[in-house]
Amino acid sequence: MARTAKKAKAVTVTTAEELAADETVRSIEQAVADVVTALPAPEIEGEAADIIEGEETATVLVNGGQILIPLDKLKKSPRNARKTPHSNDTIETYAASIAAKGILQNLVVEPEFDPDGEPTGFYFVTIGEGRRQAQLLRAKRKEIDKSEPIRCVIDTANDAFEISLDENVTRTDLLPADQFEAFRELAEHRGYGAEEIAARFGVTAHVVKQRLRLGAVSPKLMQVYRDGGLNLDQLMAFAVTDDHGRQEQVYDGLGYNREAHIIRRELTRFHVPANDRKAIFIGVDAYVDAGGTILRDLFTEDRGGYFEDAALLDRLVLDKLAGIATELQAIEGWKWAEVFIDYPHAHGLRRVYPQPLELSVEDLAARDAAQEEFDRLTAEWEASEEDLPPDVDQRFAELEAEIERHDALRHAYDPEEVAFGGAFVSLNYEGSARIERGFIRPADETPVPEKDTGGDGETVVDGVHVNADGEVIEDAEGQGYGESYGAGGQAKEEDEGDEAQPVSDLLTRDLTAHRTLGLRLALGEQPEIALIAVTHTLAAQTFYRGAESNALEIRPASAYLAGHADGIEDTAAAKELSDRHAGWAADMPQNIAQLWGFIAGLDQASLMALFAHCVSLTVNAVKQPWENKPQAQVTANRLATALALDMSQHWTPTVRSYLGRVTKAHILAAVRDAVGDEAAERIAGMKKQAMAEAAEQLLAETDWLPPLLRTEQPASVPTETEAPDAGPEPVNMEEGGMAAGDVVFFEAAE
């Protein structure tokens with residue numbers, strides 16, 4: 001190219017801002033043309049020639065030519081059509097791409113002139129402001145010099161504003177499907193890992209992994225996506241697995257409902273979620289070390305992924321439980337210990353419980369000494385506002401452990417029963433081992449005479465107890481008060497609905513099972529109300545054909561709640577009920593002939609408490625879809641009111657227990673009811689799963705309950721001028737119980 005040693009005198013021009021304000025001033029194109037005309041004729045190679053000289057040199061380029069301009073000589077154009085600046089993420093992406101591949105597309109610039117029409121030596125970037133910002137970012141990070149030459153094209157023929165607008169409007173982005181497959185090509189044929197691709201394109205490694213996973217979707221489904229037969233959410237759902245055959249099988253089997261969560265559920269039907277009790281029990285590391293693989297959903301919160309090999313996981317669970325069972329036998333001396341993933345309810349074995357023992361003189365003295373020191377320290381520090389010193393806190397813990405150890409010695413299994421008894425080791429709902437001891441197999445039972453008469457006219461025939469009427473007497477262990485899990489189904493989800501629409505039959509059964517559990521627990525704590533309930537049940541069946549109106553099923557019988565609500569037996573309420581039952585069982589005499597004397601010798605409070613507990617096990621307020629017992633639910637409602645049952649103490653609305661099993665309208669209604677309209681509006685636009693999770697957080701600090709779990713407040717006492725209420729009279733509950741002599745009777749059920 002030709003170079004000249006003289007700086008051309010420019011014609012009088014103005015800046016771009018003044019051009020826009022004064023229509024009489026010539027365009028920059030005209031000004032540049034005048035500048036070029038005033039210069040000595042350069043030797044132009046092709047269409048362009050640059051004119052460069054020393055420190056006082058102005059650089060001018062013929063329209064359409066290329067020139068290298070220092071980065072610090074480029075400015076943002078005031079005539080750029082993009083008024084909203086590029087985001088930081090976009091600039092980061094440009095910077096990463098340029099660092100890896102250089103600037104692939106030239107910047108388009110126009111020269112800047114001062115008010116006197118003199119070239120300033122700076123250039124306005126008409127097209128490529130994002131790339132300029134990216135280079136400035138790289139210069140700030142010391143990756144390049146501030147004067148890094150940038151390849152530019154000068155344009156003085158077109159209007160700067162129009163070509164800037166054209167650059168941002170007249171363009172077609174790469175189709176997502178093409179982008180996904182292109183990323184896969186880089187990974188498979190270039191050997192690039194996710195981190196390297198992320199660095200070269202300025203995105204996160206997680207985004208790259210998502211695109212690689214989408215690129216690995218079956219070509220058949222990718223073409224359906226290109227043709228508009230699938231949306232991006234559905235394609236992401238298919239990407240949960242890379243098994244093309246399974247993807248196509250699920251696609252071919254889809255009905256009218258093609259929601260993403262349905263697709264994802266079908267693809268993971270045979271996998272085990274990482275938050276499943278079996279996965280928690282084994283742990284990811286042990287499962288992977290055994291050769292298992294984890295499937296992860298990169299597009300949703302998968303809570304740790306899915307364990308793909310369900311058979312391997314089951315084997316690991318059984319092996320670990322077997323190890324616990326072996327250790328249990330070695331330490332405690334049981335004759336046998338069997339392992340099951342689920343507790344075997346139908347074992348049909350008699351069960352024994354620990355019996356009360358007298359502490360030895362030494363143990364009793366040690367226990368008293370520990371209690372005395374504990375009480376002394378408590379009195380010494382309870383008035384102090386300071387935190388306990390570490391040594392005192394540790395001493396409290398040691399004393400508590402010592403007291404608990406000696407208290408545990410007050411009850412123990414009979415060594416003879418341990419010698420021929422056994423235990424079941426299974427997996428509880430929370431993912432830990434569950435050990436149930438004291439079961440006696442029929443072959444290990446102590447032989448009894450073929451026919452023997454027990455107390456109260458009882459007779460033992462072939463090991464079976466029958467009464468004087470020939471009815472079989474069930475053992476206390478056979479009452480089925482609730483000790484294990486059941487396989488609960490998942491209610492079919494609906495995406496939309498009206499809040500007035502009733503909840504599903506399955507959820508109704510689930511919730512009323514929880515309510516039944518709450519009624520049982522509360523009834524066992526209020527003996528006076530239990531007496532009223534039993535009296536009502538007996539009177540209804542004696543004087544009316546009102547068997548359907550009873551909430552207490554006195555035969556006696558006890559519904560198996562785990563079959564209605566999955567995981568109910570691992571709740572705090574079920575554990576409290578089970579402990580209460582085990583406590584009474586431990587107090588029972590070993591010989592049933594002594595039972596009458598035992599009960600007759602109880603004080604009034606103990607007698608009523610035992611009676612209330614036995615009655616509480618018969619409560620059944622589960623609502624089955626095929627049953628038509630409206631009066632039974634009425635009675636259950638009256639019982640809940642009399643007990644002042646508060647189900648918020650025993651049940652919490654979560655995604656699993658309620659929010660994930662109702663429509664979006666029900667979710668919003670719950671949030672609106674408990675938190676307010678504003679909170680409901682904030683989550684109204686969310687998808688079903690996200691809405692349910694957000695609602696769980698909003699409801700966590702409230703006592704909100706669905707209608708099926710709510711307890712009606714007792715009606716007020718009517719005045720002389722008011723008509724009496726059809727419901728029960730209010731119970732005088734002073735300080736949590738009925739005052740002595742205050743017995744209240746309900747009206748008979750209709």
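Of the N and O atoms on the side chains of Glu308 and Thr293, at least one donor lies less than 3.5 Å from an acceptor on the other residue. Neither side chain, Gln697 nor Glu693, offers a donor N or O lying under 3.5 Å from an acceptor on the other.
Across all non-hydrogen atoms, the minimal contact from Thr711 to Ala640 is CG2-O, 3.4 Å. Between Pro344 and Phe424, the shortest heavy-atom contact is CG-CD2, 3.7 Å. Heavy-atom minimum distance, Ser648 versus Leu705: N-CD1, 3.7 Å. Across every non-hydrogen atom of Ser218 and Glu248, the tightest pair is OG-OE2, 2.6 Å. Here the shortest heavy-atom pairing between Ala692 and Leu659 reads O-CD1, 3.6 Å. Contact record, Leu313 with Ala279: CD2-N, 4.0 Å, taken as the closest heavy-atom pair.
For the pair Lys320 and Phe281, the cation-pi test (distance below 6.0 Å, angle within 45°) is passed.
Look at Asp252 and Arg246 and you find no salt bridge, because none of the NZ, NE, NH1 or NH2 atoms lies under 4.0 Å from a carboxylate O. Salt bridge status for Arg405 with Glu400: absent, with no side-chain N to carboxylate O gap under 4.0 Å. Using a 4.0 Å cut-off between charged nitrogen and carboxylate oxygen, Glu430 and Arg277 do not count as a salt-bridge pair. The pair Lys575-Asp579 meets the salt-bridge criterion, with a side-chain N (NZ, NE, NH1 or NH2) lying under 4.0 Å from an Asp/Glu carboxylate O. The pair Asp444-Arg441 fails the salt-bridge criterion, with no side-chain N (NZ, NE, NH1 or NH2) lying under 4.0 Å from an Asp/Glu carboxylate O. Using a cut-off of 4.0 Å between Lys/Arg side-chain N and Asp/Glu carboxylate O, Arg437 and Glu332 are scored as salt-bridged.
Checking side-chain atoms of Gln329 against main-chain N and O of Lys335 turns up a donor-acceptor pair under 3.5 Å. Panel note: side chain Arg520, backbone Val619; a donor-acceptor pair is recorded below 3.5 Å. Side-chain atoms of Thr516 come within 3.5 Å of backbone atoms of Thr512 as a donor-acceptor pair (strictly under, hydrogens ignored). Distance alone, capped at 3.5 Å, is enough to place a donor-acceptor pair between the Lys688 side chain and the Val662 backbone.
Met222 is not listed as a side-chain neighbour of Leu230, based on a closest heavy-atom distance of 4.5 Å or more. Within the 4.5 Å cutoff, no side-chain heavy atoms of Leu349 are placed close to those of Ile440. Looking at heavy atoms from C-beta onward, Gln394 lies out of side-chain contact with Phe396 at the 4.5 angstrom threshold. Looking at heavy atoms from C-beta onward, Lys278 lies in side-chain contact with Asp314 at the 4.5 angstrom threshold. At a threshold of 4.5 Å between non-hydrogen side-chain atoms, the residues Val352 and Asp414 do not count as touching. Two residues are said to be in side-chain contact when any heavy atoms from C-beta on lie closer than 4.5 Å; Arg351 and Glu436 meet this criterion. Between Leu521 and His650, the closest side-chain pair of non-hydrogen atoms falls below 4.5 Å. Residues Leu645 and Leu519 meet the side-chain proximity criterion, which asks for heavy atoms closer than 4.5 Å.
Classification of the Tyr306-His271 ring pair by plane angle, with boundaries at 30° and 60°, yields tilted. Between Phe307 and Tyr287, the two ring planes are tilted [angle within 30° to 60°].
For Lys220, the NZ atom counts as densely surrounded, since its 6.0 Å shell holds more than 12 non-hydrogen atoms of other residues, nucleotides or ligands. The local environment of CD in Glu398 is crowded, with over 12 non-hydrogen atoms from other residues, nucleotides or ligands closer than 6.0 Å.
In this structure, the ring of Tyr658 has its center less than 6.0 angstrom from the ring center of Trp704. Checked against the 6.0 Å centroid threshold, Trp336 and Phe439 do not count as a close aromatic pair.
Note that CG of Leu221 is 10.5 Å distant from CD of Gln234, once rounded to the nearest 0.5 Å.
When the options Arg661, Lys623, Arg515 are evaluated for a side chain to side chain donor-acceptor pair (under 3.5 Å) with Asp510, the one that passes is Arg661.
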